[in-house]
Structure formats: structure tokens, C-alpha cells
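Below: the structure, in C-alpha cells.
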Amino acid sequence: MTAEAKQHFSRELLHWYRRGNRDLPWRKSRDPYRIWVSEIMLQQTRVDTVIPYYERFMAKFPSVQALAEAPEPEVLKCWEGLGYYSRARNLQAGARQVMELHQGQVPDDKTAVAALKGVGPYTSGAIMSIAFNRPEPAVDGNVMRVLSRYFALEDDIAKPATRVKIEKLAAELIPEGAAGDFNQALMELGALVCTPKSPSCLPCPVMEHCEARMEGRETELPIKSKAKPPRPEARIGVIIEGSGEHQGKVLVRQRPATGLLAQMWELPHLLVPKELEPLLRFGDEQLTEQAPLGGLLTEAVAGDTGLLIRPQRQLMDADHIFSHIHWKMRVYKADLGAINAEPVGPMAQMAAEAAAVYTAAGKQQAELREPYRWIGPEHMDELAFPNLFLKILRDYWNQDL
DNA sequence: AATTCGGGGCG
DNA sequence: CGCCCAGAATT
């Protein structure tokens with residue numbers, strides 16, 4: 001690739017971007033905090049998805065200080081449905097770092113920015129270039145795709161080493177004094193023109209010297225090795241209707257502080273042992289046929305809360321695919337049996353055993369320990385749920401199931 | 001270097 | 001239904 005081709009790329013791409021670009025909320029100012037928030041939200045997330053979240057987040061947490069001083073659950077609630085929830089916690093931790101170390105001002109310093117929680121190589125480059133116009137590369141999936149095509153690079157973009165190589169190339173391409181616009185131009189081209197499936201080469205401002213297009217290989221590049229498919233997990237969950245003072249409410253619980261969906265709220269559910277998975281194939285069979293599954297739920301809830309539940313029927317099946325796990329969840333409806341009441345129905349045996357467990361443990365129905373809570377539809381706005389359970393609960397209440 | 005972290009949109 | 005997306009932290 002000639003030096004002329006590189007100059008052509010930088011010049012034409014920058015002009016193309018400056019002739020007209022998308023009117024996005026985070027482009028209305030160069031406030032480093034606003035850029036920072038947008039870049040965190042945009043990690044692995046599309047622009048159209050981010051926009052409403054961004055508007056709400058900036059209205060609620062308009063400054064580094066506001067975010068740093070907010071209760072963490074409120075931040076998580078504002079992130080509800082956006083995914084990769086550690087981003088929200090890390091962003092707030094970063095805001096607190098900026099308050100402690102930099103007097104509330106995002107530092108115009110590459111090393112200091114890169115040291116913020118949740119800020120990696122891409123995001124530090126994006127903040128430094130867009131907010132401060134510093135000549136740092138910001139290499140994301142768009143940039144790797146665009147440059148792989150323009151320079152006909154054969155490297156596997158799924159490998160970490162490839163990003164490092166492309167960062168060096170991207171740094172060389174930054175026009176003097178135009179780092180912010182140029183980096184955004186690269187991503188804008190990737191998002192609008194040099195798209196993954198069917199790139200629009202004809203209107204592309206740099207098509208003239210694009211190696212991949214010249215060789216007719218624009219749809220073959222970049223090279224990307226395939227990810228492992230998510231491992232399937234059969235799960236059973238339950239909507240437990242309260243009684244008495246908890247009438248009209250259902251039982252939810254909070255997940256642990258680390259790991260998958262950390263600190264999010266959810267319905268009680270559990271992994272079905274491999275040897276019991278065949279039971280889940282009983283489409284609309286009666287619960288009697290699946291007594292062992294109802295028994296598992298009864299035992300699990302009793303062990304966790306001391307509550308004796310009585311599974312009633314199947315409500316729905318819910319599929320949810322994470323990048324590495326595929327949940328296939330069957331959701332049951334249950335109500336509560338009174339303490340020391342005689343269990344009835346198909347679940348009698350399992351329920352009786354479960355009752356013995358919590359009676360032996362001296363647990364009381366009224367003493368529901370954290371992290372479990374009873375909630376009704378009227379305070380769904382208090383707790384943060386992942387989309388999977390948000391949808392299940394909405395369906396449940398809306399359709400009066 | 002590989003795995004763990006959501007969720008949605010699109011051909 | 002497979003693929004991809006304005007990636008970072010952890011191991």
C-alpha cells in the first residue's frame with residue numbers, strides 16, 4: 001500500500017465525514033463526561049439502542065459528581081435492559097475515581113483516562129480523540145472491518161493481537177489536528193457504508209483505492225473466526241403469588257454482586273439436572289407428570305426462604321440467549337401453603353419433605369430474609385430486572401395469567 | 001490467549 | 001436462525 005493511498009484514505013474520509021454526519025445526542029457538545037458515558041454505552045451496543053438510554057441517563061446523572069454521588073441501585077435501574085451491567089457499575093466507579101483523583105474533571109491525559117474503571121484501549125482512545133482531539137487511535141469492530149478491507153488485511157480480527165496491529169495502522173492515518181473527527185469518520189463509515197454484510201462501495205468516499213474492492217473481495221474481508229456456540233441450560237423458574245399482606249405480589253430475589261447479571265433482580269429459578277431434562281419435553285402435560293421438577297422448586301424455595309410453595313401449573317416457556325449460555329426456562333405458577341398445613345395434590349410428598357426441611361431449620365414464613373422480596377406491578381420501577389424477567393413479569397401481570 | 005460478561009436487529 | 005455490534009475484565 002502506497003503512502004499516497006494512505007493519504008487519500010485519511011483526506012477523503014475526513015472530508016466525507018465533515019460534509020455531513022449523523023446528528024447524535026453525544027455530538028452536541030464535547031463535554032468529556034458526555035463523550036465518556038456515550039462510549040461506555042456504545043460498547044457492543046447499537047446506536048439506535050443506546051439513544052433513549054443515553055438521554056435518560058444524562059438527564060438523571062448530568063455530571064460526574066451527580067453520577068458519583070448517586071445510589072448504585074439507581075444507576076443500575078437506569079441501565080436496565082441495556083445489558084453488560086458491569087459497565088454501569090464500572091462507570092460509576094470511574095466517576096468516583098474522577099472525583100477523588102481529578103477534582104471532578106475528566107483528565108486530558110491518556111494514562112489517567114485509561115486507568116478509569118471500564119475504560120479499555122478503545123474507550124480511552126475514543127475519549128482522548130473525541131473530547132480532547134488527541135491523536136490516539138480508537139479501534140472498534142467498525143474500524144477493524146474498514147481497515148481490513150481498505151488494506152486487504154488477512155489477520156483474524158477475532159484475535160486480540162490483530163486489534164493491536166490495527167491500532168498502529170490507525171494511529172498513522174490520523175490527519176494532523178483532526179483526531180476526533182477522523183476517528184468518528186472511521187466508525188461512521190463502518191456503520192453506514194462499509195457494513196458487515198453488504199458494503200455499499202459505490203457511494204464510499206475511499207472506494208478508489210480500497211484493496212478489497214479492487215480485488216472483488218469486499219464481502220470476504222475481514223476474516224473472523226467463529227465464536228463457540230452458547231451452551232444450553234435447562235432451567236425452571238416460578239412465579240409465586242403471595243397471600244395475606246402479600247396478596248397480588250410475587251416473590252423476587254437479587255442476584256449476587258459478581259458474575260452473570262450481577263445485582264440484578266429475578267424470579268426464583270434453578271438449573272435442571274441433566275438426568276431430569278427429559279421431563280421438560282412434556283409439552284402441555286399435567287404438572288403431575290413433572291412432580292420431580294415441582295419438587296425441585298419447592299425444595300429450593302423452602303431452603304432459601306422457609307416458604308412452602310405449591311406449584312400449580314405451567315405458565316410459559318422463555319428462551320434467553322447470552323453470548324455464552326442459552327437458557328431454556330420453563331416458568332411455573334405457584335401459590336403458598338400455610339405453615340404446618342397438610343399438603344394436598346400431586347406435590348404432596350415433595351411438599352411435605354420440604355416442609356420438614358424448613359420446620360427443622362426453625363424458619364418462619366413471615367421472616368423472609370434478603371435478598372428475597374415481595375413486589376407488585378406498582379413498584380417495578382424500584383428494582384432493576386434483566387429483560388428476560390421483565391418480559392415474563394409484564395406478560396404475567398398484563399395478561400392476568 | 002481464552003472466557004466471561006446482554007440484548008437486539010437484520011438478511 | 002446465524003451473525004454482528006462504538007469492548008472490558010478476568011483468568
Side-chain angles (χ1 to χ4, degrees), chain A residues 21-22 24-27 35-54 76 79-91 93-94 113-127 129-131 137-146 156-164 166-167 170 180 182-192 194-199 219 222-231 255-264 266 318-327 384-391:
Chain A
N21 54 61
R22 289 176 291 178
L24 302 174
W26 44 89
R27 288 180 177 168
I35 306 297
W36 178 16
V37 172
S38 74
E39 292 301 340
I40 298 297
M41 285 191 173
L42 286 162
Q43 289 169 6
Q44 299 299 111
T45 312
R46 285 186 162 72
V47 166
D48 290 342
T49 304
V50 164
I51 288 175
Y53 282 91
Y54 180 79
L76 203 56
W79 211 270
E80 178 183 76
L82 195 53
Y84 287 136
Y85 299 100
S86 65
R87 289 185 297 175
R89 272 189 312 162
N90 287 335
L91 178 58
V113 167
L116 297 175
K117 295 290 184 192
V119 175
Y122 163 74
T123 307
S124 65
I127 294 172
S129 61
I130 299 172
V139 174
D140 68 344
N142 283 317
V143 176
M144 288 199 284
R145 182 174 60 256
V146 169
D156 182 355
I157 65 169
K159 295 190 176 304
T162 302
R163 198 211 69 234
V164 175
I166 293 183
E167 274 176 349
F182 178 73
N183 283 347
Q184 293 186 84
L186 262 173
M187 295 185 277
E188 189 102 338
L189 189 76
L192 301 180
C194 197
T195 54
K197 298 280 183 155
S198 52
T219 57
I223 293 169
K224 182 171 184 167
S225 55
K226 286 174 183 158
K228 233 171 44 169
R231 66 172 182 274
R255 295 179 61 88
T258 59
L260 184 68
L261 302 171
Q263 291 176 294
M264 301 293 283
E266 65 178 7
D319 261 60
H320 195 73
I321 303 177
F322 304 92
S323 21
H324 57 304
I325 310 175
H326 183 171
W327 279 358
F385 288 84
N387 267 11
L388 163 65
F389 296 105
L390 217 49
K391 285 179 180 169

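The sequence lines fix the lettering, A, B, ..., with proteins before strands; numbering per chain opens at 1. Just so it is clear, the structure is predicted and the values come from calculations on it, not from any experiment.
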Measure CD1/A/I166 against C1'/C/dA6 and give the value in whole Å, please. 15 Å
If the cut-off is 4.0 Å, is A/K224 near the phosphate of C/dG2, judged by side-chain N/O to OP1 or OP2? no
Residue set satisfying ring pair (Phe, Tyr, Trp, His ring centres under 6.0 Å) with A/W26, at least two apart, ordered chain then number -> A/Y54
Touch check for A/R255, heavy atoms < 4.0 angstrom, all strands: base, sugar-phosphate only, or nothing? nothing
Check: A/A126 main-chain N/O paired with A/S129 side-chain donor or acceptor under 3.5 Å: yes
Side chains of A/N142 and A/R145 only: does a donor on one sit below 3.5 Å from an acceptor on the other? yes
Minimal non-hydrogen separation, A/S225 against A/D156, with atom names: OG-OD2, 2.7 Å
With A/F389, which residues qualify under ring pair (Phe, Tyr, Trp, His ring centres under 6.0 Å), at least two apart? A/H269
In whole angstrom, what separates A/I127's CD1 from C/dG7's C1'? 13 Å
Please check this pair: side chain of A/Y53 against backbone of A/E80, looking for a donor-acceptor N/O pair closer than 3.5 Å. yes
Rounded to whole angstrom units, what separation is found between the CD atom of A/E188 and the P atom of C/dC5? 16 Å
Side chains of A/Q43 and A/Y122: do they bring a donor and an acceptor to under 3.5 Å? no
What's the gap between B/dG6 and C/dC3 when it is taken at their P atoms, as a whole Å value? 22 Å
Interatomic distance where OH belongs to A/Y53 and P belongs to C/dA6 [whole Å]: 18 Å
Polar-atom pairs under 3.5 Å, protein N or O versus N or O of nucleotides 9-11 of chain C: list them with distances, or write none.
unit_1: C/dA9; atom_1: OP1; unit_2: A/G118; atom_2: N; d: 2.6

Just to be sure I understand the rule, does A/R89 reach a base, reach only the sugar-phosphate, or reach nothing, if contact means heavy atoms closer than 4.0 Å? nothing
In whole Å, what separates the P atom of B/dC10 from that of C/dA6? 13 Å
Expected string for nucleotides 3-11 of chain B under the B/S/- scheme (protein heavy atoms, under 4.0 Å, primed atoms plus P, OP1, OP2 as sugar-phosphate) is SSBBBB---
Residue closer to the 5' end of DNA chain C, A/S225 versus A/I40 (nearest nucleotide): A/S225
Listed by chain and number, what are the salt bridge (charged side-chain N to carboxylate O under 4.0 Å, His left out) partners of A/E188, not counting sequence neighbours? A/R22, A/R27
Selected nucleotide, minimal atom distance to A/P196 side chain, candidates C/dA6, C/dG7, C/dC5: C/dC5
Does A/S38 make a side-chain N or O approach to OP1 or OP2 of C/dA6 shorter than 4.0 Å? no
Remember a base hit wins even if backbone is also touched, and classify A/A161 as base, sugar-phosphate or nothing at under 4.0 Å, heavy atoms. sugar-phosphate
Expressed as a whole number of angstroms, how long is the span from A/K226:NZ to B/dA2:P? 17 Å
By salt bridge (charged side-chain N to carboxylate O under 4.0 Å, His left out) - contacts of A/R46 (at least two apart): none
Is there a donor-acceptor pair under 3.5 Å between the side chain of A/T49 and the backbone N or O of A/V47? no
With P as the reference atom in both, quote the distance from B/dG8 to C/dA9 in angstrom, rounded to an integer. 24 Å
With sugar-phosphate meaning primed atoms plus P, OP1 and OP2, does A/L24 contact a base, only sugar-phosphate, or nothing at under 4.0 Å between heavy atoms? base
